[in-house]
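Working notes, beginning with the structure itself.
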Amino acid sequence: MREIMISHTVTGLDVMCRHCGNAETATTTYLKHFRLEGTSKDSVTLRCLCCHTAMSTPLGQLSSLYHHRAS
Ligand SMILES: [Zn+2]
């Protein structure tokens, strides 16, 4: 079960924690209400800073954030 939902938007990503309702629209990898941890070659752990739920996700899911930062 995916505790943290990621959906793509025009400008970045919508991230929402299903556990506590914490949500954020992200345009860079510097999130206010979530944290990216343990970035490896092909996956990253996304942690909710409110309830500390964490979910591992393929790095490709967040690629638009990295691309945005680089451009
Ligand atoms: Zn949460």
Side-chain angles (χ1 to χ4, degrees):
M1 176 178 165
R2 295 173 70 82
E3 295 278 2
I4 299 178
M5 295 286 294
I6 300 170
S7 55
H8 293 260
T9 69
V10 175
T11 54
L13 292 178
D14 279 341
V15 185
M16 188 188 82
C17 175
R18 298 174 80 170
H19 188 72
C20 71
N22 187 19
E24 173 168 10
T25 299
T27 55
T28 73
T29 54
Y30 299 99
L31 307 179
K32 293 186 188 73
H33 304 297
F34 295 87
R35 188 169 62 201
L36 299 177
E37 299 180 337
T39 307
S40 68
K41 188 168 168 237
D42 51 21
S43 74
V44 64
T45 298
L46 188 62
R47 181 178 298 276
C48 173
L49 292 180
C50 188
C51 69
H52 301 290
T53 292
M55 184 192 74
S56 182
T57 190
L59 197 55
Q61 280 279 311
L62 303 174
S63 61
S64 63
L65 298 186
Y66 292 98
H67 182 265
H68 192 271
R69 187 174 59 174
S71 61

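Both backbone and side-chain heavy atoms feed into the values below; hydrogens, waters and symmetry mates do not. Computed from a predicted model, the values in this text were never measured in an experiment. Just so you know, ligand 1 is whichever comes first in the structure, and atom 1 is the first atom listed for that ligand.
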Requested in this report: Please report the C-alpha distance between Cys17 and Phe34 in whole Å, then the side-chain angles of each, then the deciding distance to 0.1 Å, and finally whether the side-chain contact (heavy atoms from CB on, under 4.5 Å) criterion is met.
Outcome: CA-CA 9 Å; Cys17 175; Phe34 295 87; 3.9 Å; yes
**Report entry** Residues Asp14, Thr9; criterion side chain to side chain donor-acceptor pair (under 3.5 Å); working and verdict
**Finding:** CA-CA 7 Å; Asp14 279 341; Thr9 69; 5.0 Å; no
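- Partners of Ala54 by side chain to side chain contact (heavy atoms under 4.5 Å, CB included), not counting sequence neighbours, listed by chain and number: Thr45, Arg47.
- Within a radius of less than 2.8 Å around the Zn ion (ligand 1), the protein N, O or S atoms are Cys17 SG, Cys20 SG, Cys48 SG, Cys51 SG.
- Looking at Glu24, its side chain does come within 3.5 Å of a backbone N or O of His33 through a donor-acceptor pair.
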Query raised in the report: Do Leu65 and Leu13 pass the side-chain contact (heavy atoms from CB on, under 4.5 Å) test, and can you show the C-alpha distance, the side-chain angles, and the key distance before you say yes or no?
Result: CA-CA 8 Å; Leu65 298 186; Leu13 292 178; 3.8 Å; yes
Query - Check against side-chain contact (heavy atoms from CB on, under 4.5 Å), Leu46 and Ile6 - result: CA-CA 10 Å; Leu46 188 62; Ile6 300 170; 3.9 Å; yes
